[in-house]
Colleague: 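Structure incoming, see below.
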Amino acid sequence: MVDLNNKTWPSSPLKEKDLDEEQLKQFLTIRADYEKCAFVTSGHLEVRALGAKEFTRPIEPDESGITALVKHPCGHIYGGTGGKAAHLFFYNPAPDADAVADIGIIPGASKVVAMAVLPDGEIIGAATTFEQKSLLFIYKSCEVLLREKSFAGMGVREIFDLPAEDQLFFSTIDPCHSSGTIEVIASPVDGEICDLIPAPGGEKVYILAAGKGEIIEYYPAGAAVKKIGSLDPNGNFSRKLALDNCGRLYGAGLYGKIFRYTPESGEFKALDINASSIKGWELYNQVTAWSSDQSGEILYGGTNAGQIFRFDTVNEKITTLGKPCIQTRITGMSRSGKKIYAIIGEADDCAHLAVYNDESRELLDLGCLLARSERPWNGYRFEAMTTGRNGEIFLGEYDRISQLFIYYPGIEE
């Protein structure tokens with residue numbers, strides 16, 4: 001055992017009595033670099049409060065932890081929160097808005113765990129209740145509600161007052177805020193839901209249930225349910241799902257063993273490959289986030305040990321890319337262009353942003369997240385991530401008072 005009481009610790013150069021001019025210059029240069037070296041300096045970071053005070057009250061502390069994010073085809077980013085109450089919100093990127101609006105509380109929910117966009121523009125989401133059960137909800141935006149609206153018997157003023165879309169509109173003449181409706185529907189799962197992902201075409205969604213990691217096909221239109229298989233009988237499975245470009249579904253069981261479901265044949269099988277793992281950690285290995293390349297043939301995964309891997313779905317081959325920082329658990333992954341971004345960190349860590357360049361095969365730790373606009377804010381813990389219409393990365397902070405982070409990747413030189 002090391003005797004820490006008698007260990008000689010390094011001291012500050014300023015405590016030395018006879019520093020010469022060159023030593024002082026070096027010390028000042030090192031200090032200037034060190035004070036900013038921990039933070040993301042590639043690209044640009046901003047934050048948005050969860051509620052534009054001109055239109056809605058910001059989401060309350062202890063209710064604002066962002067747990068799910070999804071990009072809508074209209075360009076909006078929709079998000080869900082967890083805490084004393086679960087909220088649904090949207091970010092409107094329009095130049096006359098650029099702000100977040102709180103849509104409202106999801107009745108009975110304590111945490112939104114996943115959301116997906118259906119072909120008709122509706123959003124389906126899964127949430128956990130305060131009784132550790134699950135519920136599903138459907139969100140119909142103003143655009144969807146307008147399509148369903150009958151104009152029979154309505155006057156001109158009523159018609160023109162109908163909101164055409166979810167929006168915030170900053171104007172001294174006619175400021176407005178419009179959003180749709182949340183409908184809670186019955187869950188096909190008795191316990192908690194871990195993940196929810198739509199199949200290509202959107203007529204069905206795949207649901208991953210807690211317990212034995214049962215995967216279920218669910219058809220929202222008719223509430224039909226089909227059980228596909230279980231990832232592990234003892235509950236040792238990864239709580240995230242992924243799809244490739246052929247619509248095949250992937251999950252991971254004990255030791256991070258990869259499972260594949262092929263809808264055309266109905267085959268559900270364990271492949272002879274495991275997700276990357278640190279030696280001695282195999283028993284606890286879980287895939288905590290997924291993303292894909294532009295083709296959809298290559299999937300990228302992140303683990304609870306902080307490792308990132310590349311999964312070639314055609315050749316059924318996994319390549320370990322590395323562990324970019326000391327932090328563990330990858331809580332989100334998202335692609336922008338040919339780069340894969342990942343957010344890494346446990347609850348008691350200061351999260352780091354990392355990036356993998358598929359062309360150069362370079363994996364980099366970009367650092368901790370500090371934004372100065374629209375307010376100074378350090379991001380410590382994150383639980384959600386998605387890519388916007390223009391390649392910007394949205395990161396959901398998960399803290400007592402949380403912000404929506406927006407990362408604009410740097411321009412290639």
Colleague: Looking at Y284, I want to see if its OH is surrounded by more than 12 non-hydrogen atoms of other residues, nucleotides or ligands under 6.0 Å.
Modeller: no

Colleague: So which atom in L369 and which in H352 form the shortest heavy-atom distance, rounded to 0.1 Å?
Modeller: CD1-C, 4.3 Å

Colleague: Taking atom CZ as the centre, does R57 end up with more than 12 heavy-atom neighbours from other residues, nucleotides or ligands that are less than 6.0 angstrom away?
Modeller: no

Colleague: Keeping D365 on the side-chain end and G367 on the backbone end, is there a donor-acceptor pair under 3.5 Å?
Modeller: yes

Colleague: Which heavy-atom pair separates C325 from I344 by the least distance, and what is that distance?
Modeller: SG-CD1, 3.9 Å

Colleague: Could you note down all residue pairs passing salt bridge (charged side-chain N to carboxylate O under 4.0 Å, His left out) where residues 201-210 supplies at least one of them, sequence neighbours left out?
Modeller: K204-E217

Colleague: Do K149 and M154 have side chains that approach each other closer than 4.5 Å (heavy atoms only, starting at C-beta)?
Modeller: yes

Colleague: Contact between F39 and L45 at the side-chain level, heavy atoms closer than 4.5 Å - yes or no?
Modeller: no

Colleague: Donor-acceptor pair, distance only, cut-off 3.5 Å: does the side chain of S64 make one with the backbone of R400?
Modeller: yes

Colleague: So, E46 side chain and E374 main chain: donor-acceptor pair closer than 3.5 Å or not?
Modeller: no

Colleague: What are the two closest non-hydrogen atoms of M333 and I340, and how far apart are they?
Modeller: CE-CG2, 3.6 Å

Colleague: Could you state the interatomic distance from CD1 (I77) to CG (N92), rounded to the nearest 0.5 Å?
Modeller: 11.0 Å

Colleague: Quick one: side chain to side chain donor-acceptor pair (under 3.5 Å) partners of S187, sequence neighbours excluded?
Modeller: S134

Colleague: Picking from I193, L196, I215, what satisfies side chain to side chain contact (heavy atoms under 4.5 Å, CB included) with L208?
Modeller: I215

Colleague: With distance as the sole test, does D312 use its side chain to make a donor-acceptor pair with the main-chain N or O of V314 at under 3.5 Å?
Modeller: yes

Colleague: Are there more than 12 heavy atoms of other residues, nucleotides or ligands under 6.0 Å from atom CG of D190?
Modeller: no

Colleague: Atom NZ of K227 and atom CZ of F268: how far apart are they, to the nearest 0.5 Å?
Modeller: 13.5 Å

Colleague: With a 4.0 Å cut-off on N to O distance, would you call D244 and R260 a salt bridge?
Modeller: no

Colleague: Could you pull out the closest heavy-atom pair between G251 and L241, with the gap in Å?
Modeller: CA-CD2, 4.2 Å

Colleague: Are any side-chain N or O atoms of T387 and backbone N or O atoms of G391, one a donor and one an acceptor, separated by less than 3.5 Å?
Modeller: no

Colleague: Strictly distance-based, threshold 3.5 Å: is any side-chain N or O of S295 a donor or acceptor partner for the main-chain N or O of E297?
Modeller: yes

Colleague: Parallel, tilted or perpendicular: which fits the ring planes of F405 and F382, with parallel below 30° and perpendicular above 60°?
Modeller: perpendicular

Colleague: Report yes if some heavy atom in the side chain of L146 is under 4.5 Å from a heavy atom in the side chain of E143; otherwise report no.
Modeller: no

Colleague: Compare every heavy atom of A275 with every heavy atom of V287, then report the nearest pair and how far apart it is.
Modeller: CG2-CB, 3.6 Å

Colleague: Atom OH of Y300 and atom OG of S334: how far apart are they, to the nearest 0.5 Å?
Modeller: 13.5 Å

Colleague: Quick check for you: to the nearest 0.5 Å, what is the distance between E383 atom CD and T67 atom OG1?
Modeller: 8.0 Å

Colleague: First locate atom CD1 of I393, then atom CD1 of I406, and finally report the distance between them rounded to the nearest 0.5 Å.
Modeller: 11.5 Å

Colleague: Less than 4.5 Å apart, side chain to side chain, heavy atoms only: is that true for L118 and V205?
Modeller: yes

Colleague: Any idea which heavy atoms bring R248 and P263 closest together, and the distance?
Modeller: CA-CD, 4.2 Å

Colleague: Should the pair Y206 and Y261 be assigned to parallel (<30°), tilted (30 to 60°) or perpendicular (>60°) ring geometry?
Modeller: perpendicular

Colleague: Could you tell me if the side chain of V355 sits less than 4.5 Å from the side chain of L363, heavy atoms only?
Modeller: no

Colleague: Do NZ/NE/NH1/NH2 and the carboxylate oxygens of E148 and K140 come within less than 4.0 Å?
Modeller: yes

Colleague: Assess, by modelled atom type and distance only, whether the side chains of E63 and H87 contain a donor and an acceptor separated by less than 3.5 Å.
Modeller: yes

Colleague: Would you give the length of the straight line joining atom CG of N285 to atom CG of N304, rounded to the nearest 0.5 angstrom?
Modeller: 6.0 Å

Colleague: Counting only heavy atoms not in L162, do more than 12 sit closer than 6.0 Å to its CG atom?
Modeller: yes

Colleague: Measure from the side-chain N and O atoms of R239 to the backbone N and O of A209, and report whether any donor-acceptor pair falls under 3.5 Å.
Modeller: no

Colleague: Is it the case that the ring center of Y91 lies less than 6.0 angstrom away from the ring center of F394?
Modeller: yes

Colleague: Would you sort out whether D232 and K257 count as a salt bridge (charged side-chain N to carboxylate O under 4.0 Å, His left out), showing the intermediate values?
Modeller: CA-CA 10 Å; D232 187 81; K257 178 167 285 294; over 6 Å; no

Colleague: Should E346 and R381 count as an ion pair when the cut-off is N to O under 4.0 Å?
Modeller: no

Colleague: Is there a ring-ring contact (aromatic ring centres under 6.0 Å, His included) between Y139 and Y78? Walk through the geometry before answering.
Modeller: CA-CA 10 Å; Y139 174 69; Y78 286 86; 5.6 Å; yes

Colleague: Quick one about S110 and T128 (side-chain donor to acceptor, distance below 3.5 Å, no hydrogens or angles considered), yes or no?
Modeller: no

Colleague: Under 30°, 30 to 60°, or over 60°: which ring-plane class applies to F309 and W290, parallel, tilted or perpendicular?
Modeller: perpendicular

Colleague: Set out, in order, the CA-CA distance, both residues' side-chain angles and the distance that settles ring-ring contact (aromatic ring centres under 6.0 Å, His included) for Y356 and Y341, then state yes or no.
Modeller: CA-CA 6 Å; Y356 172 71; Y341 291 87; over 10 Å; no

Colleague: Side-chain contact, heavy-atom cut-off 4.5 Å: L404 with E397?
Modeller: no

Colleague: Taking atom CZ as the centre, does F160 end up with more than 12 heavy-atom neighbours from other residues, nucleotides or ligands that are less than 6.0 angstrom away?
Modeller: no

Colleague: Hey, are the side chains of L271 and F259 touching, using non-hydrogen atoms and a 4.5 Å cut-off?
Modeller: no

Colleague: Side chains of L299 and L243: closer than 4.5 Å at any heavy-atom pair?
Modeller: no

